[in-house]
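Accompanying notes for the structure given below.
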Amino acid sequence: MEFQFLPKFYFLLSLSILFLSSFHAQAKVNFKYCDKKANYAVKVSGIEILPNPVVSGDPATFKISATSGQGISGGELVIGVSYVGVPVHTETIDLCEEVSCPVTNGNFVITHTQTLPSITPPGPYALKMTLKNDKNELLTCIKFNFKIVLRSFVSDM
């Protein structure tokens, strides 16, 4: 009787692990505004990182859901990345390369995909993103943490 129970148990255990790992991969990313007292024109409602954690040498996509109370005809994103508190990367990106411009009032999503070098060290990283319009006015500024891991040699087999 116990022998018949074991295959069912392992099957259910495998399903549970699969469910939990897929749930973890889509976990909500916590963020903070750079200035808690600021009344930014663009409000961020959520961040999604795919995959999460990010894998060295593979493409990573950062999706930032936001709402604007005004139209945005253009501007720039400034992205700064730190590793253990040390700045390691900064780039400025034309907003219209990441979204369709002009951005109308309401909801929009900024999507940025980048492939990290395979030599990128694993560990905790912090990202700071500022969004400015074409008049150089600050629309929003957020900070969030993410993790980079090395590609598993086991999964390559």
Side-chain angles (χ1 to χ4, degrees), residues 15 17-153 155-156:
L15 280 179
I17 291 170
L18 181 63
F19 173 75
L20 289 174
S21 65
S22 66
F23 178 75
H24 176 71
Q26 297 181 14
K28 181 179 172 184
V29 175
N30 294 320
F31 70 93
K32 295 179 182 179
Y33 287 104
C34 300
D35 181 351
K36 294 176 187 174
K37 297 178 183 177
N39 186 20
Y40 295 115
V42 171
K43 309 289 187 206
V44 173
S45 56
I47 299 171
E48 184 179 7
I49 303 172
L50 300 168
N52 191 5
V54 174
V55 179
S56 290
D58 288 353
T61 300
F62 295 81
K63 293 182 179 183
I64 300 169
S65 301
T67 303
S68 178
Q70 63 187 33
I72 306 169
S73 58
E76 65 183 22
L77 295 167
V78 179
I79 297 172
V81 179
S82 299
Y83 176 65
V84 194
V86 178
V88 293
H89 179 75
T90 302
E91 67 181 300
T92 301
I93 303 166
D94 184 334
L95 175 65
C96 297
E97 292 178 12
E98 307 299 316
V99 298
S100 296
C101 286
V103 176
T104 58
N105 294 1
N107 298 332
F108 66 101
V109 177
I110 299 169
T111 302
H112 180 70
T113 300
Q114 187 158 358
T115 300
L116 302 173
S118 58
I119 60 169
T120 304
Y125 287 78
L127 186 141
K128 177 182 176 182
M129 184 206 76
T130 58
L131 171 60
K132 295 181 179 181
N133 64 14
D134 55 356
K135 297 174 185 143
N136 205 33
E137 298 168 330
L138 181 64
L139 299 177
T140 199
C141 179
I142 58 170
K143 297 177 182 180
F144 60 90
N145 297 322
F146 66 101
K147 185 177 180 182
I148 296 178
V149 296
L150 294 175
R151 182 181 302 139
S152 170
F153 293 112
S155 65
D156 292 341

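Keep in mind it's a predicted model, so treat the numbers as computed, not measured.
- Between Ser56 and Pro117 the shortest heavy-atom distance is CB-O, 4.0 Å.
- Checked by atom type and distance alone, the side chain of Asn105 pairs as donor or acceptor with a backbone atom of Gly71 at under 3.5 Å.
- When all heavy atoms of Cys96 and Ser73 are compared, the pair lying nearest together is SG-O, 4.0 Å.
- Gly74 and Cys101 make their closest contact through CA-SG, 4.4 Å (heavy atoms, listed as atom of the first residue, atom of the second, distance).
- Surrounding NZ of Lys43 are more than 12 heavy atoms belonging to other residues, nucleotides or ligands, all under 6.0 Å away.
- Looking only at side-chain heavy atoms (C-beta outward), Val29 and Phe146 stay at 4.5 Å or farther from each other.
- Taken from NZ in Lys32 to CG in Asn30, the straight-line distance is 9.0 Å, to the nearest 0.5 Å.
- Here the CD atom belonging to Glu98 is positioned 5.5 Å from the NE2 atom belonging to His112, to the nearest 0.5 angstrom.
- Here the side chain of Tyr83 pairs no donor or acceptor atom with the backbone of His89 at under 3.5 angstrom.
- In this structure the side chain of Thr120 reaches within 4.5 angstrom of the side chain of Tyr125, judged on heavy atoms.
- To the nearest 0.5 angstrom, Leu127 atom CG is 8.5 Å from Met129 atom CE.
- Annotation: the span from Asn52 atom CG to Lys28 atom NZ amounts to 14.0 Å, rounded to 0.5 Å.
- Closest heavy-atom contact between Asp94 and Gly75: OD1-O, 3.6 Å.
- Rounded to the nearest 0.5 Å, atoms CD (Gln70) and OG1 (Thr104) are 12.0 Å apart.
- Within the 4.5 Å cutoff, side-chain heavy atoms of Cys34 are placed close to those of Lys128.
- Rounded to the nearest 0.5 Å, atoms CG (Leu95) and CD (Glu76) are 9.5 Å apart.
- Looking at Thr140, Ile142, Ile64, Ile110 one by one, the single match for side-chain contact (heavy atoms from CB on, under 4.5 Å) with Val42 turns out to be Thr140.
- Relative ring orientation between Phe31 and Tyr33 is described as perpendicular, the plane-to-plane angle rising above 60° on a 0-90° scale split at 30° and 60°.
- Phe144 and Ile49 get closest at one heavy-atom pair: CE1-CD1, 3.9 Å.
- Between Ala60 and Pro51, the shortest heavy-atom distance links the atoms CA-CD, 4.3 Å.
- With a 4.5 Å cut-off on side-chain heavy atoms, Leu77 and Glu97 do not count as touching.
- Between Arg151 and Asp58 the shortest side-chain heavy-atom distance falls below 4.5 Å.
- For the pair Phe62/Ile79, no side-chain contact is recorded, criterion being any heavy-atom separation below 4.5 Å from C-beta on.
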